[in-house]
Amino acid sequence: MKYNPRTYEAYQLFHDGILALSRAEQAGIRVDLEYIDRKKDHLTRKIERLEERFKGSDFFKHWQHTVRGKVNINSNVQLAHFLYVIKKIKVEKETASGQGATDDEALQKMDIPELEDLLEIRKLKKVRDTYLDSFKREQVNGYIHPFFNLHLVKTYRSSSDSPNFQNIPARDEEAMNLVRKAIFPSVGNQLLEIDFSGLEVRIAACYHKDPALLKYIRDPKSDMHADMAKQIFLIKDFDKSVPSHYILRQAAKNGFVFPEFYGDYYGNCAISMACTWGKLPQGDWEPEQGIEIGSFVPLFLSDHFISKGITSLGEFTMHVKKIENDFWGRRFPDYAEWKERWFKIYQKYGYVDLLTGFRCSGQMGRNDSINYPVQGAAFHCLLWSFIQVDKLILDKGLKSRLIGQIHDSMIIDADPSEVAFLAEAIRRITCEDLPNAWKWIIVPLDVDMAISPIDGSWADKSKLN
DNA sequence: GGAACTCGCCAC
DNA sequence: AAACGTGGCGAGTTCC
């Protein structure tokens with residue numbers, strides 16, 4: 001990547017930033033070595049049991065027979081050969097290089113019960129070999145010291161390694177617990193985590209200044225995702241406190257709004273939503289496959305959709321296409337125009353400039369030229385705040401320490417007696433000082449905080465407010 | 001026997 | 001017209 005700050009301020013941000021980050025690296029993160037050893041043994045035994053069962057299956061025996069006993073169940077090359085060449089299963093999903101895929105989605109689709117064990121084995125090995133192992137390998141006196149880099153990412157975000165602190169399981173409940181139970185504050189302390197809510201959407205609005213989107217951001221009573229759920233699922237009296245409606249709101253948010261903002265289109269969105277809210281197995285379905293609406297929509301919506309003339313995945317896809325047109329054409333036309341303008345700027349000059357003074361150049365696609373400046377500037381809001389919090393801790397001689405950062409959040413190994421002070425100061429830094437310092441921030445910013453009990457693990461954190 | 005590659009999968 | 005952005009890393013594999 002080409003590091004190219006165009007202003008003194010941009011240079012200074014990374015200069016101060018890397019110093020603050022290096023202090024976090026030095027402080028490190030405490031890990032529970034006894035837990036790691038115990039859990040690794042436990043996982044190993046569990047994996048062995050699953051492997052034994054898998055190796056007893058007819059599926060495996062057939063596989064083994066075809067290669068004269070030399071099966072490596074970790075090898076996807078061997079697995080792909082067996083599935084697609086020996087068993088002649090039709091390739092429904094390809095890898096980037098055009099081979100038959102053997103990932104979670106591809107295996108799910110084959111509907112071979114024995115493969116469930118293989119997927120479970122993969123998941124447990126991921127936890128053991130990628131996370132617990134690396135914590136043990138990298139720790140010094142019970143602390144890991146992940147690196148935080150500012151010179152590797154083309155969007156001017158950060159990256160982390162040795163171990164990577166930015167990809168610790170969060171969504172999968174089981175994996176999250178297994179790994180985060182290894183991560184602790186220093187003795188007598190608490191882990192305090194502060195993250196910006198909806199940061200990238202808000203920063204995007206600072207570029208395009210679309211009035212309708214600004215209104216959604218500024219008016220706490222408005223709810224864009226609920227409005228989209230209403231429109232996509234044809235619900236008149238939407239109420240997000242109704243559990244089923246809340247699920248549809250999530251489906252609209254993660255299956256339509258965010259992908260559209262990132263540059264995806266209605267085709268993928270329709271399928272992803274059909275998979276998200278229930279019954280359609282994850283995968284790249286063709287809308288033309290004639291899948292009936294009742295086979296993937298919950299009962300209470302199925303008749304409802306049919307009464308509106310949407311009876312298949314194909315028709316649902318066309319429905320989402322109309323919503324996409326409405327989304328960019330009527331709801332957020334200024335945003336849509338900005339995207340066009342922005343890509344044209346890149347085509348004309350060969351670069352795009354971030355609001356924070358950095359320049360992205362080199363080969364970029366349409367989505368890249370639009371996404372990079374948003375992603376980068378959003379991270380810079382976090383970095384600026386991180387530097388201020390670091391400074392505050394040094395100036396006040398606090399005992400708490402910043403220990404890490406994950407793009408839009410920061411983590412502190414906090415002395416309990418300093419938590420209240422820190423929480424208030426950080427709210428001021430992030431929500432008041434930052435927008436005051438950077439005049440281009442024309443939207444309100446907001447943070448969520450979470451905290452672990454004293455001497456509790458990162459898996460035990462709960463909302464702080 | 002190490003470098004470079006593919007694949008799969010974790011995060012935001 | 002085109003069709004989801006950014007990383008790190010482990011295991012297996014291939015190349016030299």
Side-chain angles (χ1 to χ4, degrees), chain A residues 1 71-81 93-107 118-119 121-135 137-138 146-172 174-176 178-180 195-201 203-204 254-272 284 317 320-321 324 339-340 343 347 360 364-376 378-379 382 404-410:
Chain A
M1 142 206 188
V71 170
N72 179 347
I73 65 166
N74 295 320
S75 168
N76 294 318
V77 174
Q78 291 182 30
L79 180 59
H81 182 264
K93 191 192 176 192
E94 295 179 353
T95 66
S97 68
Q99 303 296 304
T102 55
D103 64 2
D104 187 276
E105 184 185 312
L107 298 190
L118 197 60
L119 291 173
I121 289 167
R122 267 191 197 165
K123 189 175 121 179
L124 298 177
K125 279 190 173 165
K126 175 91 179 168
V127 168
R128 186 190 62 180
D129 300 342
T130 301
Y131 296 105
L132 299 184
D133 259 358
S134 71
F135 292 173
R137 187 180 64 238
E138 299 291 343
F147 292 108
F148 294 98
N149 315 297
L150 291 179
H151 63 297
L152 294 175
V153 182
K154 33 187 181 177
T155 61
Y156 296 96
R157 259 196 185 181
S158 63
S159 70
S160 169
D161 65 88
S162 309
N164 183 350
F165 188 63
Q166 296 179 322
N167 71 345
I168 294 181
R171 287 160 205 171
D172 183 293
E174 190 190 0
M176 185 274 270
L178 286 169
V179 178
R180 295 190 179 220
D195 74 292
F196 281 100
S197 33
L199 187 60
E200 286 196 6
V201 171
I203 296 311
N254 298 319
F256 182 82
V257 177
F258 285 159
E260 286 283 346
F261 282 167
Y262 277 125
D264 207 355
Y265 84 117
Y266 65 88
N268 290 335
C269 293
I271 286 158
S272 131
D284 294 320
T317 303
V320 177
K321 180 180 182 178
E324 180 184 87
K339 295 207 294 183
E340 293 318 312
F343 186 44
Q347 288 177 310
C360 293
M364 281 185 255
R366 181 195 145 89
N367 287 339
D368 299 331
S369 70
I370 292 158
N371 288 333
Y372 289 5
V374 175
Q375 211 178 75
F379 166 65
L382 183 276
Q405 155 275 126
I406 314 173
H407 308 304
D408 67 353
S409 73
M410 55 186 136

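Predicted model, so just to flag it, every value in this text is computed and none were measured.
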At under 4.0 Å, does any side-chain N or O of A:S75 touch on OP1 or OP2 of C:dA11?
no

Please tell me if A:S409 has a side-chain N or O lying less than 4.0 Å from either OP1 or OP2 of B:dC12.
no

Just N and O in the side chain of A:N371: are any of them under 4.0 Å from OP1 or OP2 of C:dT6?
no

Let's go through A:F148 and A:F165 carefully: what are the C-alpha distance in whole Å and the side-chain angles of both, what is the deciding distance for side chain to side chain contact (heavy atoms under 4.5 Å, CB included) to 0.1 Å, and is it a yes or a no?
CA-CA 9 Å; A:F148 294 98; A:F165 188 63; 3.8 Å; yes

Nearest whole Å is fine: how far is B:dG8 P from A:D129 CG?
18 Å

Are A:E260 and A:K321 ion-paired here, with the side-chain N under 4.0 Å from a carboxylate O?
no

List in numerical order all residues of residues 257-265 of chain A for which some heavy atom is under 4.0 Å away from an atom belonging to DNA chain B.
none

Kindly assign one of parallel, tilted or perpendicular to the pair A:F258 and A:F261, based on the angle between their ring planes and the thresholds 30° and 60°.
tilted

Listed nucleotide nearest any side-chain atom of A:R171, set B:dC7, B:dC12, B:dG8:
B:dC12

So what does A:R128 hit on the nucleic acid, given a heavy-atom distance under 4.0 Å: a base, only sugar-phosphate, or nothing?
nothing

May I ask you to say what A:F379 touches in the nucleic acid, namely base, sugar-phosphate or nothing, with a heavy-atom cut-off under 4.0 Å?
nothing

Return yes when atom CZ of A:F147 has more than 12 non-hydrogen atoms of other residues, nucleotides or ligands closer than 6.0 Å, and no otherwise.
no

A:N76 CG to C:dT14 P: how many Å, rounded?
13 Å

Which part of the nucleic acid, if any, lies within contact of A:A101, taking any heavy atom under 4.0 Å across all strands shown: a base, the sugar-phosphate backbone alone, or nothing?
sugar-phosphate

Please tell me which of the listed nucleotides, C:dG8, C:dG12, B:dA11, lies nearest to the side chain of A:N74?
C:dG12

Under 4.0 Å between a side-chain nitrogen and a carboxylate oxygen: does that hold for A:R122 and A:D104?
no

Rounded interatomic separation in angstrom, taking NZ from A:K125 and P from B:dC10
15 Å

Respond yes when some side-chain nitrogen or oxygen of A:T95 is under 4.0 Å from OP1 or OP2 of B:dC7, and no when none is.
yes

Applying salt bridge (charged side-chain N to carboxylate O under 4.0 Å, His left out) to A:D133 and not counting sequence neighbours gives A:K40

Has the side chain of A:Q166 got a donor or acceptor that lies under 3.5 Å from a partner of the other kind on the base of C:dG7?
no

Any N or O donor-acceptor pair under 3.5 Å from the base of B:dC10 to the side chain of A:N167?
yes

Which nucleotide sits closest to the side chain of A:H407: C:dG8, B:dC7, B:dC12?
B:dC12

Which is true for A:D133 with a 4.0 Å heavy-atom rule: it touches a base, it touches only sugar-phosphate, or it touches nothing?
nothing

Point-to-point distance, once rounded to the nearest 0.5 Å, from CG of A:N149 to OG of A:S160:
7.0 Å

Provide, to the nearest angstrom, the distance between the CD1 atom belonging to A:I271 and the P atom belonging to C:dA3.
16 Å

Just wondering, do A:L124 and A:E174 contact through their side chains at under 4.5 Å, heavy atoms?
yes

I want to check something: taking the side chain as every heavy atom from C-beta on, are A:H81 and A:Q99 in contact at a cut-off of under 4.5 Å?
no

Is A:K126 side chain donor-acceptor paired with the B:dC9 base, going by distance under 3.5 Å alone?
yes

Grab the CG-C1' distance between A:D103 and B:dC9 for me, whole Å please.
9 Å

Nearest of C:dG8, C:dG5, C:dT13 to any side-chain atom of A:Q375?
C:dG5

A:Q78 near the nucleic acid: base, sugar-phosphate alone, or nothing, with a heavy-atom cut-off under 4.0 Å?
sugar-phosphate

Quick check: any donor-acceptor pair below 3.5 Å linking the side-chain of A:R157 to the base of B:dC12?
yes

Give the nucleotide from the list B:dA11, C:dT6, B:dT6 with an atom nearest to the side chain of A:Y372.
C:dT6

Provide, to the nearest angstrom, the distance between the CD atom belonging to A:Q405 and the P atom belonging to C:dG7.
15 Å

Between C:dG5, C:dG8, C:dT13, which nucleotide gets closest to the side-chain atoms of A:N164?
C:dG8

Taking A:I168's backbone N and O only, do any of them form a donor-acceptor pair with A:R180's side chain (distance below 3.5 Å, no angle check)?
yes

Select base, sugar-phosphate, or nothing to describe what A:S162 touches, counting heavy atoms under 4.0 Å on all strands.
sugar-phosphate

When you check the phosphate oxygens OP1 and OP2 of B:dC10, does a side-chain N or O of A:T130 lie under 4.0 Å from one of them?
no

Whole-Å distance between C:dG10 C1' and A:L124 CG?
15 Å

For C:dG10, does either OP1 or OP2 sit under 4.0 Å from a side-chain N or O belonging to A:R122?
no

For atom CG of A:D172 and atom P of B:dA11, their distance in whole Å:
8 Å

Hey, is the side chain of A:Y131 poking within less than 4.0 Å of OP1 or OP2 on B:dC10, counting only N and O atoms?
no

